Amino acid sequence: MNLFALEKRILDKKLLIPRKSIEKRVKKLANQISLDYEGREPVLIGVLKGVIFFLADLARELSIPAKIDFIRAASYGSSMTSSRTIQLTKDVEIPIQGKPVILVEDIVDTGLTLTHIMQEVERKGPESIRICALIEKLERQETKVPIDYCGFRINEGFIIGYGLDFDEKYRNLPDLYVLS
Ligand code: IMP
Ligand code: MG
(Lines give C-alpha, C1' and ligand atoms only; values in the text may rest on other atoms or scores of the structure.)
(Ligands and ions follow the chains in the order given, each with its own letter.)
Protein backbone atom coordinates (compact mmCIF):
# COMPACT_ATOMS: atom_id res chain seq x y z
CA MET A 1 0.00 0.00 0.00
CA ASN A 2 1.46 3.40 -0.90
CA LEU A 3 1.64 6.35 1.48
CA PHE A 4 -1.29 8.16 -0.03
CA ALA A 5 -3.47 5.10 0.38
CA LEU A 6 -2.34 4.77 4.01
CA GLU A 7 -3.16 8.40 4.75
CA LYS A 8 -6.54 7.93 3.14
CA ARG A 9 -7.21 4.99 5.44
CA ILE A 10 -6.42 7.25 8.39
CA LEU A 11 -8.81 9.88 7.12
CA ASP A 12 -11.43 7.13 6.95
CA LYS A 13 -11.17 6.43 10.65
CA LYS A 14 -14.46 5.53 12.28
CA LEU A 15 -15.42 6.24 15.87
CA LEU A 16 -15.46 2.93 17.73
CA ILE A 17 -15.77 3.80 21.41
CA PRO A 18 -16.39 7.37 22.58
CA ARG A 19 -14.50 8.74 25.59
CA LYS A 20 -17.57 8.64 27.86
CA SER A 21 -17.93 4.90 27.32
CA ILE A 22 -14.21 4.37 27.86
CA GLU A 23 -14.44 6.34 31.11
CA LYS A 24 -17.38 4.24 32.35
CA ARG A 25 -15.70 0.96 31.49
CA VAL A 26 -12.38 1.97 33.07
CA LYS A 27 -14.23 2.89 36.29
CA LYS A 28 -15.86 -0.56 36.34
CA LEU A 29 -12.50 -2.29 35.88
CA ALA A 30 -10.98 -0.17 38.65
CA ASN A 31 -13.85 -1.01 41.00
CA GLN A 32 -13.41 -4.71 40.35
CA ILE A 33 -9.65 -4.52 40.92
CA SER A 34 -10.18 -2.50 44.12
CA LEU A 35 -12.54 -5.20 45.43
CA ASP A 36 -10.27 -8.08 44.45
CA TYR A 37 -7.17 -6.49 45.99
CA GLU A 38 -8.76 -5.01 49.09
CA GLY A 39 -6.22 -4.66 51.90
CA ARG A 40 -3.32 -5.20 49.50
CA GLU A 41 -1.08 -3.01 47.40
CA PRO A 42 -0.62 -4.32 43.87
CA VAL A 43 2.12 -3.16 41.52
CA LEU A 44 0.63 -1.98 38.26
CA ILE A 45 3.08 -2.64 35.46
CA GLY A 46 2.12 -0.76 32.32
CA VAL A 47 3.34 -1.96 28.95
CA LEU A 48 4.66 1.10 27.14
CA LYS A 49 3.73 3.12 25.21
CA GLY A 50 0.15 2.48 24.22
CA VAL A 51 -1.00 2.02 27.79
CA ILE A 52 -0.22 5.51 29.12
CA PHE A 53 -3.71 7.03 29.20
CA PHE A 54 -5.45 3.79 30.17
CA LEU A 55 -3.07 3.24 33.07
CA ALA A 56 -3.34 6.86 34.19
CA ASP A 57 -7.15 6.71 34.23
CA LEU A 58 -7.35 3.23 35.76
CA ALA A 59 -4.89 3.98 38.56
CA ARG A 60 -6.72 7.14 39.58
CA GLU A 61 -10.03 5.28 39.86
CA LEU A 62 -8.64 2.70 42.28
CA SER A 63 -9.71 2.97 45.91
CA ILE A 64 -6.70 0.95 47.10
CA PRO A 65 -3.04 1.96 47.19
CA ALA A 66 -1.02 0.84 44.20
CA LYS A 67 2.52 1.18 42.93
CA ILE A 68 3.17 2.01 39.30
CA ASP A 69 5.99 0.92 37.03
CA PHE A 70 6.53 0.36 33.33
CA ILE A 71 8.00 -2.23 31.02
CA ARG A 72 8.60 -2.06 27.31
CA ALA A 73 9.08 -4.67 24.64
CA ALA A 74 10.00 -4.44 21.00
CA SER A 75 9.35 -7.10 18.42
CA TYR A 76 11.64 -7.77 15.51
CA GLY A 77 10.85 -9.61 12.29
CA SER A 78 7.66 -9.71 10.36
CA SER A 79 4.57 -9.07 12.41
CA MET A 80 2.67 -11.22 9.95
CA THR A 81 4.35 -14.41 11.16
CA SER A 82 4.78 -15.93 14.58
CA SER A 83 8.55 -16.07 14.03
CA ARG A 84 8.91 -12.62 15.60
CA THR A 85 11.36 -12.34 18.43
CA ILE A 86 10.43 -10.12 21.30
CA GLN A 87 12.92 -8.33 23.51
CA LEU A 88 12.53 -6.17 26.56
CA THR A 89 13.82 -2.67 25.87
CA LYS A 90 12.89 -1.34 29.31
CA ASP A 91 12.61 -3.43 32.43
CA VAL A 92 10.68 -2.92 35.64
CA GLU A 93 12.56 -0.80 38.18
CA ILE A 94 10.81 -1.36 41.49
CA PRO A 95 11.27 -4.73 43.23
CA ILE A 96 8.32 -7.05 42.62
CA GLN A 97 9.47 -10.21 44.34
CA GLY A 98 6.64 -11.50 46.54
CA LYS A 99 4.32 -8.71 45.35
CA PRO A 100 0.96 -8.95 43.62
CA VAL A 101 1.48 -7.71 40.07
CA ILE A 102 -1.09 -6.52 37.57
CA LEU A 103 0.22 -6.24 34.02
CA VAL A 104 -1.65 -3.46 32.25
CA GLU A 105 -1.68 -3.54 28.45
CA ASP A 106 -3.43 -1.49 25.78
CA ILE A 107 -4.37 -4.21 23.32
CA VAL A 108 -3.79 -7.94 23.03
CA ASP A 109 -3.66 -9.04 19.42
CA THR A 110 -1.66 -12.23 18.75
CA GLY A 111 -0.80 -12.41 22.43
CA LEU A 112 2.90 -12.93 21.69
CA THR A 113 4.09 -9.71 23.32
CA LEU A 114 2.21 -10.28 26.53
CA THR A 115 3.21 -13.95 26.72
CA HIS A 116 6.86 -12.94 26.52
CA ILE A 117 6.48 -10.14 29.04
CA MET A 118 4.69 -12.49 31.44
CA GLN A 119 7.58 -14.94 31.29
CA GLU A 120 10.08 -12.17 32.04
CA VAL A 121 8.01 -10.85 34.94
CA GLU A 122 7.44 -14.35 36.33
CA ARG A 123 11.20 -14.85 36.63
CA LYS A 124 11.31 -12.07 39.21
CA GLY A 125 9.16 -14.13 41.56
CA PRO A 126 6.06 -12.01 42.14
CA GLU A 127 3.41 -13.36 44.48
CA SER A 128 0.91 -13.37 41.62
CA ILE A 129 0.38 -11.96 38.13
CA ARG A 130 -2.91 -10.87 36.68
CA ILE A 131 -3.58 -9.21 33.36
CA CYS A 132 -5.64 -6.14 32.66
CA ALA A 133 -6.10 -5.18 29.01
CA LEU A 134 -8.12 -2.34 27.56
CA ILE A 135 -8.88 -4.28 24.37
CA GLU A 136 -8.76 -7.93 23.43
CA LYS A 137 -8.70 -8.50 19.69
CA LEU A 138 -10.19 -11.81 18.72
CA GLU A 139 -9.39 -12.09 15.00
CA ARG A 140 -5.85 -13.41 15.11
CA GLN A 141 -4.90 -14.66 18.52
CA GLU A 142 -2.03 -17.12 18.27
CA THR A 143 -1.39 -17.59 21.95
CA LYS A 144 -4.29 -17.67 24.33
CA VAL A 145 -3.54 -15.09 26.98
CA PRO A 146 -5.70 -15.26 30.11
CA ILE A 147 -7.05 -11.74 30.59
CA ASP A 148 -8.42 -11.20 34.10
CA TYR A 149 -9.72 -7.68 33.53
CA CYS A 150 -10.76 -6.84 29.99
CA GLY A 151 -12.15 -3.50 28.87
CA PHE A 152 -13.50 -4.29 25.42
CA ARG A 153 -13.49 -7.32 23.12
CA ILE A 154 -13.44 -6.59 19.41
CA ASN A 155 -13.39 -8.96 16.48
CA GLU A 156 -11.27 -7.16 13.96
CA GLY A 157 -9.73 -3.96 12.70
CA PHE A 158 -6.80 -1.70 13.52
CA ILE A 159 -7.54 0.53 16.49
CA ILE A 160 -6.10 3.99 17.16
CA GLY A 161 -6.53 6.66 19.79
CA TYR A 162 -6.52 6.73 23.62
CA GLY A 163 -2.82 5.82 23.53
CA LEU A 164 -2.89 3.44 20.59
CA ASP A 165 -0.89 4.52 17.58
CA PHE A 166 -0.50 3.95 13.92
CA ASP A 167 3.16 4.61 13.11
CA GLU A 168 3.49 6.73 16.31
CA LYS A 169 0.59 8.96 15.27
CA TYR A 170 -2.89 9.42 16.73
CA ARG A 171 -2.08 8.36 20.29
CA ASN A 172 -3.49 11.61 21.62
CA LEU A 173 -6.98 11.18 20.18
CA PRO A 174 -9.21 10.95 23.26
CA ASP A 175 -11.62 8.37 21.78
CA LEU A 176 -11.01 4.96 20.23
CA TYR A 177 -11.27 4.71 16.44
CA VAL A 178 -11.04 1.91 13.96
CA LEU A 179 -9.36 2.36 10.59
CA SER A 180 -11.97 1.52 8.02
P1 IMP B 1 0.63 -8.83 19.95
O2 IMP B 1 2.00 -9.26 20.39
O3 IMP B 1 0.31 -9.28 18.56
O4 IMP B 1 -0.45 -9.19 20.93
O5 IMP B 1 0.69 -7.27 19.76
C6 IMP B 1 0.57 -6.45 20.80
C7 IMP B 1 1.03 -5.04 20.50
O8 IMP B 1 0.88 -4.65 19.12
C9 IMP B 1 0.13 -4.15 21.29
O10 IMP B 1 0.65 -3.96 22.58
C11 IMP B 1 0.09 -2.91 20.47
O12 IMP B 1 1.16 -2.07 20.83
C13 IMP B 1 0.27 -3.37 19.04
N14 IMP B 1 -1.06 -3.50 18.38
C15 IMP B 1 -1.72 -4.63 18.08
N16 IMP B 1 -2.91 -4.38 17.50
C17 IMP B 1 -3.02 -3.03 17.45
C18 IMP B 1 -4.05 -2.12 16.97
O19 IMP B 1 -5.12 -2.50 16.48
N20 IMP B 1 -3.78 -0.80 17.10
C21 IMP B 1 -2.62 -0.33 17.64
N22 IMP B 1 -1.64 -1.13 18.10
C23 IMP B 1 -1.83 -2.47 18.00
MG1 MG C 1 1.16 -2.31 23.59
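First listed ligand is number 1; within each ligand, the first listed atom is number 1. Keep in mind that what you see is a predicted model, and the values were worked out from it rather than measured. Positions are given from 1, in the same order as the sequence printed here.
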Handout entry: Flag side-chain contact, heavy atom, 4.5 Å: Ile131 against Val145
Key = yes

Exercise for the section: Give yes or no for whether the N/O distance cutoff of 3.5 Å, strictly under, is met between Gly111 and ligand 1. Expected result: yes

Problem - Glu105: numbered ligand 1 atoms lying under 4.0 Å from its heavy atoms - result: 10 (O)

Exercise for the section: Flag yes if more than 12 heavy atoms outside Glu139 fall under 6.0 Å of its CD atom; otherwise flag no. Expected result: yes

Practice task
Kindly indicate whether the side chain of Ile33, heavy atoms from C-beta on, has any atom under 4.5 Å from the side chain of Leu58.
Solution key: yes

Practice task
Say whether Asp165 and ligand 1 are in contact under the criterion: heavy-atom distance to a ligand atom below 4.0 Å.
Solution key: yes

Handout entry: Polar contact flag for Ile159 and ligand 1 (N/O pairs, less than 3.5 Å)
Key = yes

Practice task
Mark the output for Asp106 as yes if a heavy-atom distance to ligand 1 is under 4.0 Å, and as no if none is.
Solution key: yes

Exercise for the section: Kindly assign one of parallel, tilted or perpendicular to the pair Tyr162 and Phe53, based on the angle between their ring planes and the thresholds 30° and 60°. Expected result: tilted

Practice task
For Lys137, take its heavy atoms, then give the atoms of ligand 1 lying under 4.0 Å from any of them.
Solution key: 16 (N), 17 (C), 18 (C), 19 (O)

Problem - Among Thr110, Val47, Ile117, Thr113, closest by any non-hydrogen atom to atom 3 (O) of ligand 1 - result: Thr110

Exercise for the section: Could you check which of Tyr170, Tyr177, Phe158 puts a non-hydrogen atom nearest to atom 22 (N) of ligand 1? Expected result: Phe158

Handout entry: Pick from Ile154, Asp109, Ile160: the one approaching atom 15 (C) of ligand 1 most closely through a non-hydrogen atom
Key = Asp109

Exercise for the section: State, with a plain yes or no, whether a side-chain heavy atom of Ile22 is found less than 4.5 Å away from one of Val26. Expected result: yes

Practice task
Might you confirm whether atom NZ of Lys90 has over 12 heavy atoms from other residues, nucleotides or ligands at distances under 6.0 Å?
Solution key: yes

Exercise for the section: Indicate yes or no: at least one non-hydrogen side-chain atom of Ile135 is less than 4.5 angstrom from one of Leu176. Expected result: yes

Handout entry: For Leu164, atoms of ligand 1 separated by under 4.0 Å from a heavy atom
Key = 20 (N), 21 (C)

